[in-house]
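Below, chain A is the first sequence line, B the second, and so on; all start at residue 1.
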There are 4 protein chains.
Amino acid sequence: MVDDQPVKTSRRDRQIQRKRREIIEAATRLFSEKGYGGTTTRDIADAVDIGESTLYNYFENKRDILLAIITETGFLFDDVIGQVKRLDNRQALVELYEKAFNVFISRIAFTRTLLAQAWMDNEILESFVTYRLGHIAGLIQALIQKEIDEGVFRPIDPAQGARMAIGMFLGAMVPVLRGTEPPPTPAEYRRISEGIVTVLWDGIGNH
Amino acid sequence: MVDDQPVKTSRRDRQIQRKRREIIEAATRLFSEKGYGGTTTRDIADAVDIGESTLYNYFENKRDILLAIITETGFLFDDVIGQVKRLDNRQALVELYEKAFNVFISRIAFTRTLLAQAWMDNEILESFVTYRLGHIAGLIQALIQKEIDEGVFRPIDPAQGARMAIGMFLGAMVPVLRGTEPPPTPAEYRRISEGIVTVLWDGIGNH
Amino acid sequence: MVDDQPVKTSRRDRQIQRKRREIIEAATRLFSEKGYGGTTTRDIADAVDIGESTLYNYFENKRDILLAIITETGFLFDDVIGQVKRLDNRQALVELYEKAFNVFISRIAFTRTLLAQAWMDNEILESFVTYRLGHIAGLIQALIQKEIDEGVFRPIDPAQGARMAIGMFLGAMVPVLRGTEPPPTPAEYRRISEGIVTVLWDGIGNH
Amino acid sequence: MVDDQPVKTSRRDRQIQRKRREIIEAATRLFSEKGYGGTTTRDIADAVDIGESTLYNYFENKRDILLAIITETGFLFDDVIGQVKRLDNRQALVELYEKAFNVFISRIAFTRTLLAQAWMDNEILESFVTYRLGHIAGLIQALIQKEIDEGVFRPIDPAQGARMAIGMFLGAMVPVLRGTEPPPTPAEYRRISEGIVTVLWDGIGNH
DNA sequence: AATGAATGAGTTTTCATTCAT
DNA sequence: AATGAATGAAAACTCATTCAT
């Protein structure tokens, strides 16, 4: 009896969390297909097969669903960043690319929604994208600067170099996110990662 | 009187075209600021200082305004593409980048709107972006292939190379389109163009 | 065991009655602050710190809470009326005023809610106000008639006189109920009661 | 042709004003019957036989209708107040009562709505009632003070006297506004006005 | 060609109430 | 008896579009 109490509570809690997840996942999919504005609360409710008003037992309002998607899925991105302790050589960059491909591709619908929203919505851009992207860009710049200092790289503007590095990532991801190309397999994006880093270091030229 | 007729008509036509342009320009700005869905027909009418219903004398409906923006401004992009007769050497690619920067940056609001829309809307993606981007990608791939054939490039996948080339362009453009960085000056994007091409050919490495 | 039964039951009953009272008091306060329509069942439940649905174990529905407030608090007013055995002289009227002030002011929130509701809701007006107010008005009219008969009063319309008597009460109470004036102290409303009766008998004039 | 312009405009303007009036009148009636909260925008639209959304061409939102009722009908009350240049004797007070009865009774639905709303809504109380009622109360207090100074009145608290004067007005009006008594005829409220003032001056007592 | 007025079809959100546990 | 979860019904409000003038 005494032990039942915590079990009961956590079962109920798990029930709630499960439903929240369900809603978030349905909404993520819908937002990525039709956009946030193009998705109605009714669409979401229908997708989870609950009444429209039931949504409001789990979320304050529609925007709250969007923010929940971003915060509750976004932490996956922090893991990637967190794992990058030191980005101090070529191989580390390859691995960063790989991890980034992995997390982007495992959450295509999420990423597509996030980018669409960050494109128009300053709050979302700032509260989610700016910090993380800035952090990554900083790491890459530091790496470039180090290689310059060691005489491995030509003295280029590290900021511009970082934009190139990120741009090449975008060049590979955007068609996938947009759905014009199928998601690469892990083997493929390992190869792409290496390809990008090789070009960054040595270009395509045949030296 | 008889001679007047055509003059009159063409004057009226010019009048109409001028108003259409005005609407298109106002709508482009509004769409780029608030998104297509976030912009009301009332917003557009107010911006041009006409009645809301007057819009419908110039355009079938709201979406038609969006399509008109894309087709009537989009042709500028065709010029860039059209001018690229032969993309057969490094310098030609630098020049392509420069022209592309030029046209993107001179129409930031348009480009921002176009990308936002193409991100969600298949019709717009296909009818406008796919073809042009595919064409450019094809040119770049052909160039890469040629360099490979001539032994200048290592034997990489030309498609992947093209994605890198386009990605580096995105890496420079996206922050500008998104408004997180100021538009570069012509001198700056000349330098950026050269920087990108240099990296493509030789990497950042200090050979 | 056998004796326990009734004790148990009455303890439970008392428990129930206590909770009912709690709900009624919280609801009275909320209704007087935000109006009946402006108060949600959730507001009430929160104020008593119970679940929203638990309310329905004590009351049929929201309106039932309102009716319970009115009947279960309203009986206090009956006491005032009941105590007025004979309203047959000036002093008795002073005392009636005093008692009325006392009961109104000791239940400002209730009175405010009651008046607000009776203003729009015929059922409440009739089932609660009409009878009691009519009774009081009748007593006052009878007093006036008696004074006329005895030659103390001029022959005025007793009904109109009663409306004046009640009106002067309203003139003193309304600003307090509305919250634009602080509630008078017992000493003050004794003075006000005498003042009103004096004006009724002799006017403000300096005879 | 030149003269047509202003005519056209004013005809259209008159059309708009007419519709606004229609809406305001229907809303006033509905609000006085079912309360502001109990009246839906649909009720109002139906009463004027227009689409619900058409309301929003004439008013910003529902509350705006209420405020329009109050400001656009309320000015009638200002006329009454404005006409009271000097409230310096008994007869002037009688006339003030008469005018007040007149305006209250000619707009029963409005007055009932106003009082209901001012009872709960501080903004409306302050922006409309407080000032005007305060002004009237001030005039009455000044009159009482004057009569005290001239030895005509006993030295009572003028504020309390004013509350009695206003209270007696309420005593006569409230049952009419509430609909429990039929509106008095002009002859009747003249008699009531005189009755109230007589009681104020001399009481009901038979001196 | 220009437009004021009208509106249908939604959209998000609220809330009293029910019901299974 | 207590309540979390679910919801139908309605509410205010929006907006692209039509139409008569």
Side-chain angles (χ1 to χ4, degrees), chain A residues 8-9 11-13 15-16 19-20 37-45 48-65, chain B residues 12-13 15-16 19-20 36-45 48-65, chain C residues 12-13 15-16 19-20 36-45 48-65, chain D residues 8-9 11-13 15-16 19-20 37-45 48-65:
Chain A
K8 241 182 179 172
T9 312
R11 185 176 294 156
R12 185 174 289 160
D13 275 9
Q15 191 72 29
I16 288 184
K19 188 80 91 183
R20 257 187 85 95
T39 303
T40 68
T41 50
R42 192 191 163 91
D43 289 335
I44 300 170
V48 197
D49 199 34
I50 58 175
E52 215 174 330
S53 51
T54 306
L55 284 179
Y56 292 84
N57 290 338
Y58 295 91
F59 299 94
E60 288 276 312
N61 50 44
K62 191 186 167 191
R63 178 156 239 260
D64 193 34
I65 300 179
Chain B
R12 183 183 291 164
D13 275 7
Q15 192 74 28
I16 290 179
K19 189 77 97 184
R20 258 186 86 94
Y36 174 75
T39 303
T40 67
T41 50
R42 191 190 166 92
D43 289 335
I44 301 170
V48 197
D49 200 34
I50 59 175
E52 214 175 331
S53 48
T54 308
L55 287 178
Y56 292 82
N57 290 330
Y58 295 92
F59 300 94
E60 286 280 312
N61 50 40
K62 192 186 169 191
R63 177 155 240 264
D64 193 34
I65 300 179
Chain C
R12 182 183 293 162
D13 274 8
Q15 192 73 28
I16 291 180
K19 189 79 96 183
R20 259 186 84 96
Y36 172 76
T39 303
T40 68
T41 49
R42 191 190 166 92
D43 289 336
I44 301 170
V48 198
D49 199 33
I50 59 175
E52 214 175 330
S53 49
T54 309
L55 287 178
Y56 291 83
N57 290 330
Y58 295 91
F59 300 94
E60 287 279 312
N61 51 41
K62 191 186 170 191
R63 176 156 240 262
D64 193 34
I65 300 179
Chain D
K8 241 181 176 173
T9 312
R11 185 177 292 158
R12 185 175 288 160
D13 275 9
Q15 191 71 29
I16 288 185
K19 187 78 92 183
R20 256 187 85 96
T39 303
T40 68
T41 50
R42 192 193 161 91
D43 289 336
I44 300 170
V48 197
D49 200 34
I50 57 176
E52 213 174 329
S53 52
T54 308
L55 285 180
Y56 293 84
N57 290 337
Y58 295 92
F59 299 94
E60 289 275 313
N61 50 43
K62 192 186 168 190
R63 178 154 238 261
D64 193 33
I65 301 180

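Put simply, A:S53 has no side-chain N or O that comes within less than 4.0 Å of OP1 or OP2 on F:dA6. Taking 4.0 angstrom as the limit, B:K19 places none of its side-chain polar atoms (N or O) nearer than this to OP1 or OP2 of E:dA1. Using a 4.0 Å cut-off, some side-chain N or O of D:T54 falls inside it from OP1 or OP2 of E:dT7. Here B:T41 does not reach the OP1 or OP2 of F:dC15: none of its side-chain N or O atoms lies under 4.0 Å away.
What you find for B:N61 and B:Y56 is that their closest heavy atoms are CA-CE2, 3.8 Å. Summarising the geometry of C:E52 relative to C:T41, their closest heavy-atom pair is OE2-OG1, 2.8 Å, with the distance given to 0.1 Å.
Atom CD1 of A:I44 sits about 4.0 Å away from atom CD1 of A:I65, to the nearest 0.5 Å. Taking OG1 from D:T40 and NZ from D:K62, the interatomic distance works out to 7.0 Å, rounded to the nearest 0.5 Å.
For the pair B:Y58 and C:Y36, both in contact range of DNA chain E, the more 5′-proximal nearest nucleotide belongs to B:Y58. Residues D:G51 and A:E60 each lie close to DNA chain E; by heavy-atom proximity, the contact nearer the 5' end of the strand is made by D:G51.
Closest to the D:Y56 side chain, of the nucleotides F:dT3, E:dT13, F:dT14, is F:dT14. Taking only side-chain atoms of D:N57, from C-beta outward, the nucleotide of F:dA12, E:dT12, E:dA5 with the closest atom is E:dA5. Of the listed nucleotides (E:dT13, E:dA6, F:dT17), F:dT17 has the atom at the smallest distance from the side chain of B:N61.
Within 6.0 Å of atom CZ in A:R63, more than 12 heavy atoms from other residues, nucleotides or ligands are found, so the atom counts as buried in its surroundings.
The base-pairing partner of E:dT12, taking Watson-Crick or G-U wobble contacts with both distances under 3.5 Å, is F:dA11. Partner assigned to F:dA1 is none, using Watson-Crick or G-U wobble distances below 3.5 angstrom.
In this structure, B:D43 places its CG atom 12 Å from C1' of F:dA16, rounding to the nearest Å. Atom-to-atom, CG of A:D64 to C1' of E:dT13 comes out at 13 Å; the value is rounded to the nearest Å. Here the P atom of nucleotide F:dT3 and the CD1 atom of C:I44 are 15 Å apart, to the nearest Å. Separating the CD atom of A:E52 from the C1' atom of F:dG8 is a distance of 11 Å, rounded to the nearest angstrom. Rounded to whole Å, the distance from CG on B:D49 to P on E:dT3 is 8 Å. Rounded to an integer number of Å, the gap from D:K62 NZ to F:dA10 P is 15 Å. Atoms CZ (A:R63) and C1' (E:dT11) sit 17 Å apart, rounded to a whole Å. Rounded to a whole Å, the CD1 atom of B:I50 is 14 Å from the P atom of F:dA16.
D:K19 places none of its side-chain heavy atoms less than 4.5 Å from the side chain of D:N57.
D:T40 comes within 4.0 angstrom of sugar-phosphate atoms only, judged by non-hydrogen atoms across all strands, and of no base. As judged by a 4.0 angstrom heavy-atom cut-off over every strand, B:F59 is placed among residues making no nucleic acid contact. Among the heavy atoms of the strands, none lies under 4.0 Å from C:Q15. As judged by a 4.0 angstrom heavy-atom cut-off over every strand, D:L55 is placed among residues making no nucleic acid contact.
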